[in-house]
**Q** 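For reference, the structure I am asking about is given below.
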Number of protein chains: 2
Amino acid sequence: MAFENYTIKDIAKALNLSASTVSRALRDSYEISAETKAIVQAYAEKINYKANPIARGLKERKSYSIGIIVSEIANNFFSQVIDGIESVAYSKDYQVVISQTHESASRERLNVEHLYARSTDGLLMALSAETTDLSYLENLLKKGFPIVFFDRVPEQTICHRVIADNKQSGYQAVHYLAKRGCRRIAHLTSAQNLSITRERLEGYKMGLLSCGLDFDQKLVKYCRYGGLHQDEIDTAVAELATEDYDAIFISGDKLTTGYLTAMNERAGRDAHNIAIVGFTNSKVVSIFSPTITAIRQPAFEMGKRAAELLIQQIEAKHPVVDFETVVLPTVIIEKNSSF
Amino acid sequence: MAFENYTIKDIAKALNLSASTVSRALRDSYEISAETKAIVQAYAEKINYKANPIARGLKERKSYSIGIIVSEIANNFFSQVIDGIESVAYSKDYQVVISQTHESASRERLNVEHLYARSTDGLLMALSAETTDLSYLENLLKKGFPIVFFDRVPEQTICHRVIADNKQSGYQAVHYLAKRGCRRIAHLTSAQNLSITRERLEGYKMGLLSCGLDFDQKLVKYCRYGGLHQDEIDTAVAELATEDYDAIFISGDKLTTGYLTAMNERAGRDAHNIAIVGFTNSKVVSIFSPTITAIRQPAFEMGKRAAELLIQQIEAKHPVVDFETVVLPTVIIEKNSSF
DNA sequence: TTGAAAGCGCTAACAG
DNA sequence: CTGTTAGCGCTTTCAA
């Protein structure tokens, strides 16, 4: 019987009450006697009454759904973030609507407009690699529409942010490699306009400095689409091959697997004498070849925190004026140990 | 201006028309003069009017959203299927709501109930590894609620299905291995109750038969949760280690990477003298070690076809009575070539 | 403490 | 061809 579509009217009729009383009783309103409440709630339970969220949304101007916008769900990091988001949305009875940008700024804008028009109550998003114009998002924020950014966030905008400690990660990566004797550490990273790119690069530079290594611009390669297209990685790897480098720090999930793919393509030549530290949330790093040292982000936690911030803002009685930036630590995992 | 919330009333007022005329004009109704339509549509365009889907849904008893239920989005196969679904949903202006079962039957049921109550217009689903009781789904189907199954489908139920040619794949896998001299071909697979498990097993058996190889029950290992938990794979691998086998046919994405993980854990011992053919839609098979031969499902296509069937049924004027089973071919990809 | 009635934004009889 | 009106299921004044 879980699938009948009872309405408040059905309950009202059955119990000889008015629809409004039933509505109030179901929502535990103070104006209803305990007795009536009990009766109504018991009956609702019995027939497995489920409020029609469409109708409720129309009235309340709420949809009890939140939108997620990421570049790709086929990305270990993002899918884990989504799991985290789901875990809290689920417990607070929000529906989750996921959409992908495939790293396209125009697609991102369409998705935002769509989700906004669809009356999602708020948005959780990581910017696309292509995004540079944030003005339409800022307009939305200014109107008070709740948006929490994670991972790839606006840097100048006043908003909630949940990110990993990217600078520290870059710093650690370099130290890890330097300690193992590497002297020419390359850096493969995503689009220049992304916050993660900048922060990780900064950490990388700080790391080099503190290790007494020179920063060489030629050892830094950017991928405009974050490695979404293998050819941008192939190009970067080909360019790097002309420099001599003995290690590389890679700044993202797709880039890491893409780099390994490219290196395997170039055969044994230089594949196995370069030490690799790469961001990845893959759960099967131990089967990768060549072997790598992984930097993991607390993706699930990141999703949780972001969702909590969002729902908190959605349900806030007063406009939110205090915006938070949550920074979570990453973990570095030794060469291909399993975890 | 893309984000104002204009209503039909606003347009009606501005144009000195009635709301219903505007509504009809926007929906290109035959009763409205071309002239009026042009005026209305131009104005709507200009102010970037977007219909409120909540209100429309309430009236039409439709939500223009479809639900997707899979075990995990962090699975190459499923995420590619979702991409395919999105591509058609997007073009037909349906919102997509994704939820995960994590291979739990109770979670699956909750998700179905939730999505149904949320008035999604239909469901696209692959059954969880744990699912055995289909009665509640059959009730829904009987009521005419549109559900299209893909990949893991009910076998006895009258419904739309989109699947890969699993039997043929198993058959081919065995032939591939036998041709390379393998004689003791093991089979690592998912829960016994899943259609994919049965079909691939059947193909495997037919393959053995036609190659003059004996079927040995001890070489077949099931994983109740489809490899969601690494320990079930570890157990299976440990058991297999006591048999002597020279090849293995693996029946799913998670199982394939899980098997490799387990083998790597067991170190070089038996890792590299076993030929591996495994289902996987990973795009980075070439970096896996040990190397494998991959069976790829046309996941994107599968998602597309399933979504088309679903939307067709949703929009059908008359109850659908003709149910289809679409079978798509798989592709076998030579050892670690890149693609 | 309960009920009647209005209205959220939209669509669809029914009239004109 | 266009307008009036009612109503989808729910919440929420306002009255009783």
Side-chain angles (χ1 to χ4, degrees), chain A residues 3-41 43-44 47-65 93 95 116-121 315 317, chain B residues 3-41 43-44 47-65 93 95 116-121 315 317:
Chain A
F3 293 110
E4 295 313 320
N5 280 324
Y6 292 104
T7 71
I8 276 195
K9 277 188 187 166
D10 295 325
I11 302 183
K13 203 172 298 168
L15 265 36
N16 243 307
L17 289 167
S18 74
S20 43
T21 301
V22 173
S23 169
R24 279 187 278 242
L26 289 172
R27 332 186 59 251
D28 212 29
S29 158
Y30 67 96
E31 343 176 47
I32 303 295
S33 70
E35 198 187 1
T36 310
K37 270 185 203 168
I39 296 173
V40 171
Q41 286 168 1
Y43 185 76
I47 64 172
N48 204 294
Y49 167 81
K50 297 245 200 302
N52 178 331
I54 305 265
R56 186 142 70 112
L58 182 57
K59 184 66 186 175
E60 289 186 353
R61 277 103 210 313
K62 267 197 75 169
S63 64
Y64 293 93
S65 69
D93 238 18
Q95 187 85 253
Y116 181 77
R118 277 271 170 188
S119 347
T120 40
D121 299 333
E315 297 183 343
K317 297 273 178 280
Chain B
F3 293 111
E4 295 312 320
N5 279 323
Y6 292 105
T7 72
I8 276 195
K9 277 187 187 167
D10 296 325
I11 302 182
K13 204 173 299 171
L15 265 36
N16 244 306
L17 289 168
S18 75
S20 47
T21 301
V22 174
S23 169
R24 280 187 278 242
L26 289 172
R27 331 185 59 250
D28 213 28
S29 158
Y30 67 97
E31 344 176 46
I32 303 294
S33 70
E35 197 187 3
T36 309
K37 271 185 201 169
I39 296 173
V40 171
Q41 286 169 0
Y43 186 76
I47 64 171
N48 203 294
Y49 167 80
K50 297 246 200 300
N52 179 331
I54 304 266
R56 186 143 69 114
L58 182 57
K59 182 65 185 175
E60 288 186 356
R61 281 110 201 309
K62 267 196 74 168
S63 65
Y64 293 94
S65 69
D93 239 19
Q95 187 85 250
Y116 181 77
R118 278 271 171 189
S119 346
T120 40
D121 299 333
E315 297 183 344
K317 298 275 179 279

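Letters go in sequence order (proteins before strands), and every chain restarts at 1.
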**Q** Using the side chain to side chain donor-acceptor pair (under 3.5 Å) criterion, which residues pair with B:Ser18? Sequence neighbours excluded.
**A**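 With neighbours one apart ignored, the set is B:Ser20, B:Thr21.
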**Q** Rounded to whole angstrom units, what separation is found between the CD1 atom of B:Ile8 and the C1' atom of C:dT11?
**A**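 The answer, rounded to whole Å, is 8 Å.
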**Q** Please identify the 5'-most and 3'-most nucleotides of DNA chain D with any atom under 4.0 angstrom from a heavy atom of chain B.
**A** D:dC1 to D:dG9
**Q** Start with the C-alpha gap between A:Val22 and A:Leu15, add the side-chain angles, then the distance that decides, and say whether side-chain contact (heavy atoms from CB on, under 4.5 Å) holds.
**A** CA-CA 9 Å; A:Val22 173; A:Leu15 265 36; 5.6 Å; no
**Q** Can you give me the bend angle of the helix from C:dT1-D:dA16 to C:dG16-D:dC1? Use the axis through the first five pairs and the one through the last five, nearest 10 degrees.
**A**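 Taking the rotation axis at each end, their angle is 50°.
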**Q** To the closest 0.5 Å, what do you measure between OG (A:Ser63) and CG (B:Asn52)?
**A**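 Rounded to the nearest 0.5 Å, the OG-CG separation comes out at 10.0 Å.
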**Q** Of the residues in residues 34-41 of chain B, which ones touch DNA chain D at a heavy-atom distance under 4.0 Å?
**A**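 Close to the strand are B:Thr36.
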**Q** When you compare the side chain of B:Thr7 with that of B:Asp10, does any pair of heavy atoms fall below 4.5 Å?
**A** yes
**Q** Listed by chain and number, what are the side chain to side chain donor-acceptor pair (under 3.5 Å) partners of A:Ser23, not counting sequence neighbours?
**A** none
**Q** Where is the tightest heavy-atom contact between A:Ala19 and A:Ala12, given as atom of each residue plus distance?
**A**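 The answer is N-CB, 3.8 Å.
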**Q** Applying salt bridge (Lys or Arg N to Asp or Glu O under 4.0 Å), can you list everything that pairs with A:Arg24, at least two apart in sequence or on another chain?
**A** A:Glu31
**Q** Got a sec, which residues hit salt bridge (Lys or Arg N to Asp or Glu O under 4.0 Å) with A:Asp28, two or more places apart in sequence or on another chain?
**A** A:Lys37
**Q** Could you give all pairs that pass the salt bridge (charged side-chain N to carboxylate O under 4.0 Å, His left out) test and reach residues 12-23 of chain A, with sequence neighbours left out?
**A** none
**Q** Which heavy atom in A:Ile32 sits nearest to a heavy atom in A:Ala25, and how many Å separate them?
**A**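 It is CG1-N, 3.9 Å.
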**Q** Near DNA chain C, which residues from residues 51-63 of chain B have a heavy atom under 4.0 Å away?
**A**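 Under 4.0 Å from DNA chain C: B:Ala51, B:Asn52, B:Ala55, B:Arg56, B:Lys59, B:Glu60.
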**Q** Please find the pair of heavy atoms, one from B:Val40 and one from B:Leu17, that lie closest to each other, and give the distance.
**A** CG2-CD1, 3.6 Å
**Q** If the condition is salt bridge (Lys or Arg N to Asp or Glu O under 4.0 Å), which residues does A:Glu315 pass it with, not counting sequence neighbours?
**A**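 For A:Glu315 there are no salt bridge (Lys or Arg N to Asp or Glu O under 4.0 Å) partners, ignoring immediate neighbours.
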**Q** Atom CD of B:Glu31 and atom C1' of C:dC14: how far apart are they, to the nearest Å?
**A** 11 Å
**Q** Working to the nearest 0.5 angstrom, can you tell me the gap between B:Leu26 CG and B:Tyr43 OH?
**A**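 One gets 12.0 Å once the value is rounded to the nearest 0.5 Å.
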**Q** For A:Arg27, enumerate each residue passing the side chain to side chain donor-acceptor pair (under 3.5 Å) test, keeping only those at least two apart in sequence or located in another chain.
**A** A:Glu60
**Q** Near DNA chain C, under 4.0 Å by heavy atom, which residues of residues 20-30 of chain A?
**A** A:Ser20, A:Thr21, A:Arg24
**Q** Does the side chain of A:Tyr49 reach to within under 4.5 Å of the side chain of A:Ile8, using non-hydrogen atoms?
**A**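 A side-chain contact exists here, since the closest heavy-atom pair is under 4.5 Å.
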